[in-house]
Every structure is written in C-alpha cells, then in structure tokens.
Amino acid sequence: MSLQPDRLGAVTTPPRFPSWRTEEYEDLFDQAPVIFVALGGASHLLEAANPAFFAAFGGDRTHAGLPIGDLIPELAPQGVLDRLDAVYRTGTPLRARGARLLLGVPGKEREGFFDVTYEPRRDAVGAVDGVVVIAVETTGHHHAQLLAAEQRILLEQIARDAPLGDILTGMAKAIEELSPELIVSVLLADSDGRHLRHGTGPGLPAFYNEAIDGIAIGANVGSCGTAAHLRVPVIVTDIATDHRWEGYQELAARAGLAACWSTPIIGTDDRLLGTFAMYHRAPKAPEEKDLALSAAFARIAALAIERHQAMEASRAAQEREQEAREDLAFVLEASTAITREPHFSDCLQCLARLVVPTLALLCSVHVREHGRTRQIAMAAATPAEEDLLASPVLREQVERAVARVLASGTTETDHADALGSHTVLPGVTGYLCVPLSVRGRTFGVLTLLATDGPLDGHVISLAKELARRAASSADNAHQFSDRVQLARDLQAGLLPPELPSVPGADLAASYSPAGEGIEVGGDFYDVFPLPDDHWAFMIGDVCGRGALAATITGMVRHTARAAARLLHDPADVVSAINDALTGSPLDEDHFVSLVYGELRHTGSHLALELIRAGHVPPLVRRTDGTVEQLVQPGLLLGISPEFHGATCRLDLAPGDSLVLVTDGITEARSATGEFFDEHRLADALLTLTGTTSGAAGLIEAVHAAVTAFAGRSTPDDQAALVLTAT
C-alpha cells in the first residue's frame with residue numbers, strides 16, 4: 001500500500017534524477033555505437049541518453065527532463081509512445097526489428113530503420129518506474145538489402161532482354177521508393193554523339209522531360225549536358241545560383257527542382273551512353289551514400305543500355321541480312337526473267353514491269369536508236385500514275401532528264417546523296433534516271449517516278465544494279481535479234497521469194513529453221529523455168545550450218561540454174577553440180593544431198609524426169625490415195641569426183657502429187673527418241689481423204705503429222721516441196 005502513492009507521485013511529479021544512475025549510464029553507453037535512452041515515469045521523461053541517440057534523433061543533453069514526446073514529436077503518430085506506454089504499464093519487454101521511422105521536421109524528414117528493445121526499469125521494490133530503450137540503427141543495412149534486391153531484379157530484366165524503357169523506369173522508381181527525397185532521370189546519348197535524348201524520368205513533370213529531350217552535350221548545359229561533355233560527375237547543389245544552369249533555371253523552378261547531381265554513363269568500351277541524374281526539391285549537397293548509389297545505378301544503366309544496343313545492332317544486322325537476301329532474290333529473279341526474253345523490246349518492257357511497284361509506282365524506259373530517242377516501255381501501278389506520265393508537262397520534263405542522262409551517261413535523281421541532282425519533276429515526289437549502258441555506250445535510260453514519297457538510297461542502289469544487268473541482257477537480245485534477222489535475210493536470199501506459176505501444176509513449199517533461226521540452214525529448194533516450156537525443180541540439204549552452208553547452197557543453186565540451161569539431161573546437171581562441189585576449195589567435209597528434176601506439161605499430164613543423189617526418197621501420192629516411194633540409187637554430191645545415178649521418169653495425172661522433203665522431217669524425234677522416218681511420212685499421206693487438198697494441203701498434213709509426233713521443237717531445218725498435177 002505504501003508503494004502506490006510513490007507510483008502515483010512518479011506519474012504526477014517529475015522525479016528527481018539519481019545522479020548515480022546518470023553517471024552509470026554515461027559510463028556504460030557514452031562510447032557505445034548502440035542507441036541508448038533512459039525514460040522515467042509515465043510521461044517518459046528523458047533521464048539519460050548517449051551521443052548515438054542524439055545523433056540519430058536530434059537534440060542534446062540539455063533537453064534532459066523533458067518528455068520524449070515533446071522532444072521528438074514525430075514519434076507519437078508513428079506509435080512509439082504507445083509502445084512505451086504498454087511496456088511501462090505491463091512491465092513486459094517489447095522488441096521491434098526493422099522498425100521504420102521518419103525523423104526530422106516536415107520537408108526535411110529522414111527515413112530510418114531500427115532494431116529496438118523496450119525494457120521496463122524497476123525501482124528497489126520492483127515497481128516499474130521507467131523504460132530503458134536500446135536500439136541499433138539498421139538503415140544502411142536495410143537500404144543495402146533493398147538496393148541489392150532491386151539490382152538483382154534489374155539484372156534479371158537485363159538478362160531477359162526486357163525493354164530498355166521498362167528497365168530504366170523500374171530502376172528510377174525503385175530508387176525513388178527507397179529515397180523519397182530523390183527524383184531520378186536517365187538521358188541517353190543520341191547516335192550523333194552531340195545530344196541527349198529522354199530515357200526515363202517518371203518522377204519529373206512531363207513538360208520538363210519534353211523540354212530536356214534532345215539537349216546538347218557541352219560545357220555549361222545544365223548538370224547532364226556538362227557531365228556528358230566532361231565525362232565526370234557534375235554536382236549542382238543549388239540550381240538557382242549555378243551558372244551551368246543558365247537558360248534552364250526558370251524551367252527547373254517550374255518543375256520544383258533545386259539541386260541536381262548527374263553522373264555520366266560510360267560503356268565498357270569507354271563510350272558515352274548517357275547520364276544518370278538525381279534531383280532534389282531543396283538545395284542540397286550529396287552525401288557519400290548518394291554518390292555511391294549514383295555510381296552503382298549508373299553501372300547498371302550502362303549494362304542495360306549496352307545490352308539494348310547490342311540487341312538492336314543484332315536485330316538491325318538480321319534485318320539488313322534479310323533485306324540483302326530479299327534484294328538479291330529480287331535482282332536475280334528480275335534479271336533471270338529479263339534474260340529469258342529473246343527480243344530487245346521485250347527485255348526492256350519486262351524491266352519496266354518488274355520494277356513497278358517494288359521500286360516505284362511509275363516507270364518508263366527510253367532508248368536511242370538511229371539518232372532518235374523514243375519511249376520503248378512503260379509500266380504504272382495504277383491508272384492514275386499512267387495518266388500522270390501521259391501529261392504533257394511531266395512527259396516533257398522526263399524527256400529532258402532522259403536527254404541529259406543519255407548525254408552524260410550518269411545517274412540523275414533528286415535524292416540528296418546522289419550526284420547530278422536536279423529539281424523534282426512536277427507532280428511526283430521523287431525521280432530517278434539510270435543509264436542503260438554496255439561496253440561504254442549508253443543506249444537507253446530507266447526512269448523511276450514516285451508519287452508516295454522520295455526514292456531513298458536503297459531503291460537507287462537496286463535500280464542501278466538491275467539497270468546494269470538489264471542493259472547487258474537487252475544488248476544481248478538486240479544482237480540476237482540482229483543475228484536472227486540477218487540469218488532470215490540470208491536464208492531468204494537462198495530460197496525463191498515465191499514459187500512460180502507452172503502450167504499444169506500446183507506448187508507449195510515450206511521452210512522451218514532449226515532452233516531460234518540465228519544461223520543460216522543448209523536446206524533449200526528451187527523451181528525455175530527452162531527453154532522449150534520445161535521447168536526445173538530441186539530440193540536439197542547441205543551438211544552443216546552457217547556461212548559455209550550458205551555458200552555451198554548458193555553454189556548449188558547457181559550451178560543448177562546455169563547448167564540446166566545448157567544441158568538437157570538431169571543426170572548431166574547433177575554431175576555439173578558435183579564437179580563444182582568437188583573442185584571447190586571449200587571444206588571437203590561439206591557434202592550435199594539432192595533431188596533434181598525437170599518437168600513439162602503435155603496437155604493431159606505432167607511428165608517428169610528426176611534423179612536422186614543421197615537424198616530422202618521422193619514420194620508420189622496418187623489420186624486413189626496410194627503412195628509410192630522412188631528409191632533410185634545415187635551417191636551424195638561433193639564426195640567423189642565421179643557421180644553415178646539413174647534417172648527416173650514419172651507421169652503425174654491430174655491430182656497426183658510429188659512430195660519432196662529434207663531429212664529434218666524424216667529424222668524428227670519423238671520424246672522416246674524414235675525417228676519419224678519415211679514410213680510415217682507415207683502413212684501421213686495415206687490417211688488423207690479426197691483429192692481437193694492440193695499441194696498446200698499436203699504440206700499442212702506433213703507438218704501436222706511431224707508436230708504431233710515430235711512436238712514443235714525443230715532441232716534441224718525442215719524443208720518440203722510438193723508438186724500436184726492439175
């Protein structure tokens with residue numbers, strides 16, 4: 001009972017501090033790193049505290065005797081006084097680990113973490129007369145753990161190739177959560193090396209991030225521009241008074257920023273990657289932990305940026321490789337398609353077709369021939385583009401550009417990186433004129449017109465490569481066409497321009513050159529008049545092709561025409577031809593097969609005499625549908641100086657036909673390699689019905705049968721001559 005008043009007195013009356021306790025506390029805890037405070041009574045009056053307490057919570061020993069709640073008012077709303085009351089009231093110790101406290105006046109709070117033990121203190125009779133608090137500040141350890149955890153998260157994100165923006169924003173938010181007084185910003189070095197671009201700044205106003213996006217790297221360009229320029233940390237403790245912030249101080253004031261510490265982000269190859277900045281809303285100098293924090297996260301930012309750039313470079317390389325493959329495939333397919341075209345104009349029309357719309361929406365091709373320039377090909381993606389090129393103004397401008405390119409032999413375009421740039425043509429957004437040149441000679445111009453944007457360097461490169469290949473193919477096609485035309489002209493000179501009108505006879509002939517017809521063939525036929533109402537006819541085949549075959553063909557025809565007027569026996573005419581061949585200085589390996597004959601109309605029928613020299617046996621188709629083969633022996637001409645052959649005499653009644661062919665017909669092969677031969681030729685004539693088909697009908701029947709058997713391919717020249725008595 002006697003203790004109760006003392007306890008009440010202890011609550012209502014400030015206790016007297018026992019000097020022995022204070023001295024004892026000082027001896028025990030003054031030099032201890034732990035926080036110690038002794039509180040007395042229910043009001044928790046500060047009796048004693050060591051320097052570690054005042055360093056952590058503020059104040060000094062002159063405040064002894066004041067209630068702890070008055071000395072540090074921020075403790076009450078955070079539940080500290082409630083815990084002191086509970087320990088004092090119950091006498092039960094209380095422990096709290098990692099307790100978070102905000103210390104300091106509003107606007108200057110400091111976050112701290114503590115491991116705290118609240119122990120009841122008892123007097124001599126065992127009654128609780130106060131509370132002893134022992135604490136260890138774990139703020140640094142706590143922050144280190146959190147930072148380590150955040151760093152692990154960031155490194156995992158980097159390893160997973162998370163988007164750079166997500167990594168940097170997550171880093172900024174993590175730092176701002178750990179240190180609420182900080183605002184984090186990351187700027188990234190631009191590819192030009194002269195500017196900084198926005199990376200992240202989630203705690204900054206949007207207008208501020210927009211304003212500093214793209215700031216220059218240089219001395220006295222704020223904290224970040226200067227740090228990037230000097231490549232060392234730049235600490236500005238008061239933006240409002242620092243000369244490096246001139247021109248940006250009003251912007252910073254609007255954003256509520258008063259201090260900025262910026263650290264350059266440097267890559268492993270010593271390349272500037274960006275800046276890491278921490279802002280404060282009040283002027284402040286960084287502490288050592290702030291500098292360490294900035295350096296640590298700048299290194300993480302460097303890893304993230306380098307990983308991102310490596311991924312972007314790899315992706316860009318893959319895209320370039322894919323584009324290169326696609327470009328190569330396009331050029332190869334296009335050039336192959338162009339090369340397949342055997343004719344000059346078809347090559348260039350194919351070129352125009354292929355570049356639209358892959359390279360441009362409108363294309364034209366001009367060529368210069370015989371001193372004049374003309375448009376040889378055109379292609380358009382839509383009728384609107386086609387109408388555009390047809391407009392007089394644009395057409396005139398294109399023709400002027402074409403004339404310049406034909407004169408200079410160099411590419412002309414409106415692209416900024418190209419030589420010879422001229423004003424954009426009216427109605428289009430970009431144009432390109434590429435010369436078509438071969439062997440140092442420019443014979444044409446490929447013109448591309450764009451209406452949906454400029455033509456970039458990639459299109460220009462592809463167009464140049466395609467033009468180079470197309471020019472070669474077109475030139476080859478031009479030479480091929482010239483050779484074909486030359487061969488046709490020469491071949492035409494070796495054949496009668498048209499068959500003469502022979503009394504009592506209906507004549508028809510055909511000639512099909514082998515392959516593309518680029519070489520003169522050795523097959524020939526001829527019909528010409530003789531004295532006394534006689535007519536000569538012949539069909540033959542010179543071994544070989546080309547100029548020598550043409551020479552021998554001409555020799556045979558001219559010799560026959562000359563000899564037939566002087567000699568009156570077909571055998572003598574053929575002998576004269578053989579003499580000419582064997583006496584010629586030409587290659588002895590060139591020999592000739594021949595059927596030569598003469599005919600006359602008797603009034604009722606045709607009387608023929610003919611001789612065969614190693615040629616395909618002639619066939620006679622009678623009006624009753626029967627077919628006869630004339631197989632008189634006779635050697636090839638040009639082999640031996642002596643020719644021996646038997647003359648065959650033959651009468652053709654009206655409707656009877658003499659069918660003469662070269663071995664290109666009888667030796668035509670099927671897909672299985674079989675020859676068409678004389679038997680199938682005879683069968684083709686046997687299957688005809690009626691007698692009204694005439695000579696032309698027989699020619700058509702023969703060619704139809706050969707085509708059905710061997711296809712349209714002609715590996716050898718094919719000639720046929722049919723005489724039908726009328």
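Bear in mind that the values here come from a model prediction, so they are computed numbers and not experimental data.
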Within 6.0 Å of CZ in Arg600, more than 12 heavy atoms from elsewhere: no
Any heavy-atom pair between the side chains of Glu412 and Thr410 that's under 4.5 Å? no
Assess whether atom CZ of Arg372 is packed by more than 12 heavy atoms of other residues, nucleotides or ligands within 6.0 Å. no
Would you say Thr451 and Glu385 are linked by a side-chain donor-acceptor pair, where the criterion is simply a distance under 3.5 Å? yes
Below 4.0 angstrom, N of the basic side chain to O of the carboxylate: do Arg680 and Asp677 qualify? yes
Can a donor-acceptor pair be found between the side chains of Gln322 and Gln318 at a distance below 3.5 Å? no
Side chain His615, main chain Asp663, donor-acceptor under 3.5 Å: no
Between Thr726 and Asp506, does any side-chain donor sit less than 3.5 Å from a side-chain acceptor? no
Check whether the side chains of His458 and Ser461 place a donor and an acceptor atom closer than 3.5 Å, and report yes or no. no
Spacing of CG belonging to Asp526 relative to CD1 belonging to Ile539, to within rounding of 0.5 Å: 11.0 Å
For Ala710 and Ala668, which heavy atoms make the closest approach, and how far apart are they? CB-CB, 4.0 Å
Indicate whether any N or O donor in one side chain lies under 3.5 Å from an N or O acceptor in the other, for Thr447 and His366. no
More than 12 heavy atoms of other residues, nucleotides or ligands under 6.0 Å from CG of Asp533: yes or no? no
